[in-house]
Number of protein chains: 2
Amino acid sequence: MDPTLLLAHIRKHVKLDLPEQQLLASSLVEKSVKRKEFVLKQEESCKHIYFVNSGLLRAFHLSPQGKDSTIMFATKEWWITDMYCFVNRLPAMVNIQAVQDCELLSLSKDHLDKVFSEIPRFERYFRILMENAYSREQLRMIQNLSNTAKERYNTFLNKYPDISAHVTQKQIASYLGITPEFLSAIRAEKD
Amino acid sequence: MDPTLLLAHIRKHVKLDLPEQQLLASSLVEKSVKRKEFVLKQEESCKHIYFVNSGLLRAFHLSPQGKDSTIMFATKEWWITDMYCFVNRLPAMVNIQAVQDCELLSLSKDHLDKVFSEIPRFERYFRILMENAYSREQLRMIQNLSNTAKERYNTFLNKYPDISAHVTQKQIASYLGITPEFLSAIRAEKD
DNA sequence: GGGGAAAATTAAGATACCTTAAGAAATACT
DNA sequence: AGTATTTCTTAAGGTATCTTAATTTTCCCC
């Protein structure tokens with residue numbers, strides 16, 4: 001169990017003393033997942049949140065009609081879960097699947113709540129994460145509502161060059177809310 | 001300055017003792033806004049977050065081409081600001097305008113940070129708010145990506161009946177990401 | 001309560017994006 | 001390395017949604 005990367009990430013936002021770091025570390029469980037493996041499947045209960053040490057994951061929703069919508073990608077130093085279902089202890093609405101082999105740190109809801117109570121500064125760290133996550137979603141919403149597919153595609157490439165390089169166009173299309181065929185057409189336009 | 005409604009709202013999530021309640025109350029400023037008045041305009045600095053005691057507000061973005069996209073509505077017991085710009089002390093990307101006369105409680109970023117430091121349980125309350133806000137945006141994103149405009153309209157009516165009743169269809173259309181003309185067509189369909 | 005502005009409706013023509021299907025290219029499996 | 005599977009591309013025809021504009025309805029303000 002190597003919490004080095006997580007502790008460094010936390011350190012960017014708050015200071016934890018050594019006992020706090022150790023308590024946190026003792027709540028974490030290492031989890032390796034192979035490419036294509038699922039960390040969470042729709043309808044399952046969602047009891048964990050994951051910190052990505054390495055690799056790349058994709059969270060996506062499958063509609064009753066089978067439409068695949070990508071909610072987010074998570075790469076090194078990101079946290080990922082189905083937040084709505086995690087927080088409210090409901091069955092997942094989202095699948096989380098490894099795009100590449102991953103090393104994760106897993107934290108259960110029960111442990112997280114305990115860590116919040118025992119380490120207020122960790123709760124601050126998490127509050128900041130949630131502010132950022134909310135802000136990011138709001139920004140994405142603005143762009144989805146006001147921009148065309150081509151503009152959204154270019155924004156995505158610029159904003160997440162590392163992710164763009166490692167996921168398929170089908171997955172990018174699913175993130176943008178368009179079909180792979182249409183993304184292909186967009187790319188074919190000589191800008 | 002009447003923090004009763006806010007304190008009741010906080011009480012649903014965490015317990016504050018009397019001195020904490022008083023400290024919080026002393027950080028708040030009452031603000032009345034009339035219908036159509038702006039609480040925040042795009043490009044202004046966004047230094048406050050607002051709790052709605054009564055009334056109804058709309059946050060929306062205007063694109064360079066003048067397209068109006070509604071980010072959120074806020075009614076009684078909601079907090080509202082341009083979170084991204086508030087947190088990062090950047091110029092606002094969002095306008096916030098009163099749809100009806102409002103009574104607000106205003107909290108500055110500096111006061112909020114102070115309250116976080118002095119009242120850890122308030123930071124917990126806020127962490128929970130941010131989790132919920134993030135979850136809500138994620139849910140909305142799923143629905144925007146996977147549902148048709150008509151489905152989104154029906155979802156909106158069911159989810160926010162009180163809001164639907166008080167905003168124009170033009171504003172609902174802007175929230176759904178469609179034109180008022182198309183919303184009108186959707187409504188005209190029998191069933 | 002009447003006049004003026006904004007909102008809602010309707011309709012016709014335009015465009016962004018989808019569906020299907022087939023072939024080509026890339027990637028994975030043995 | 002060779003085959004199978006998945007991805008990407010292309011193209012034709014279809015649908016959802018937009019634009020414009022004119023008309024009606026609602027609502028706001030004096």
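All values below were derived from every heavy atom in this structure, side-chain atoms included, with hydrogens, water molecules and symmetry-related copies excluded. Below, chains carry the letters A, B, ... as their sequence lines are ordered, and counting in each starts from 1.
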Legend entry - Closest-nucleotide ordering on DNA chain C, the 5'-leading residue of K36(B) and A185(B): K36(B)

Legend entry - dT9(C) phosphate, OP1 or OP2, under 4.0 Å from Q169(B) side-chain N/O: yes

Legend entry - Parallel, tilted or perpendicular, as decided by the 30° and 60° cut-offs, for the rings of F156(B) and F73(B): tilted

Legend entry - Nearest-angstrom distance from the residue atom CG of N147(B) to P of dC18(C): 14 Å

Inset, instruction - Tell me which nucleotide among dT10(D), dA8(C), dC28(D) gets nearest to the side chain of E181(A). - result: dT10(D)

Inset, instruction - Starting at atom NE2 of H166(B), determine the distance to atom P of dC27(D), rounded to an integer number of angstrom. - result: 13 Å

Legend entry - Candidate list R35(B), H166(B), R58(B), K36(B), test side chain to side chain donor-acceptor pair (under 3.5 Å), partner Q100(B), passing option: H166(B)

Legend entry - Interatomic distance, I186(B) CD1 vs dA11(C) C1' [rounded to whole Å]: 16 Å

Inset, instruction - May I ask you to decide if the ring planes of Y160(A) and Y175(A) are parallel, tilted or perpendicular, using 30° and 60° as cut-offs? - result: perpendicular

Inset, instruction - Quickly work out the E189(B) CD to dA8(C) P distance and round it to whole Å. - result: 18 Å

Inset, instruction - Can you figure out which of dT9(C), dT19(C), dC17(C) approaches the side chain of F182(A) most closely? - result: dC17(C)

Legend entry - K170(B) NZ - dC18(D) P separation (whole Å): 15 Å

Legend entry - Distance in angstrom units between I178(A) CD1 and dT15(C) C1', rounded: 15 Å

Inset, instruction - Name the closest nucleotide to the S184(A) side chain, picking from dT9(D), dT17(D), dT9(C). - result: dT9(D)

Inset, instruction - Could you tell me the separation between the CG atom of L176(B) and the C1' atom of dA16(D), rounded to a whole number of Å? - result: 14 Å

Inset, instruction - Just say parallel, tilted or perpendicular for the rings of F122(A) and Y125(A), cut-offs at 30° and 60°. - result: tilted

Inset, instruction - Quick one: sort the F38(B) and F60(B) rings into parallel, tilted or perpendicular, breaks at 30° and 60°. - result: tilted

Legend entry - Short side-chain N/O contact to dC18(D) OP1/OP2 from T179(B), under 4.0 Å: yes

Inset, instruction - Give a yes/no answer on whether the side chain of R187(B) brings an N or O atom under 4.0 Å of OP1 or OP2 in dT9(C). - result: yes

Legend entry - Most 5' of R35(B) and A149(B) on DNA chain D, judged by nearest nucleotide: A149(B)

Inset, instruction - Nearest whole angstrom, please: distance from the C1' of dT9(D) to the CG of L183(A). - result: 11 Å

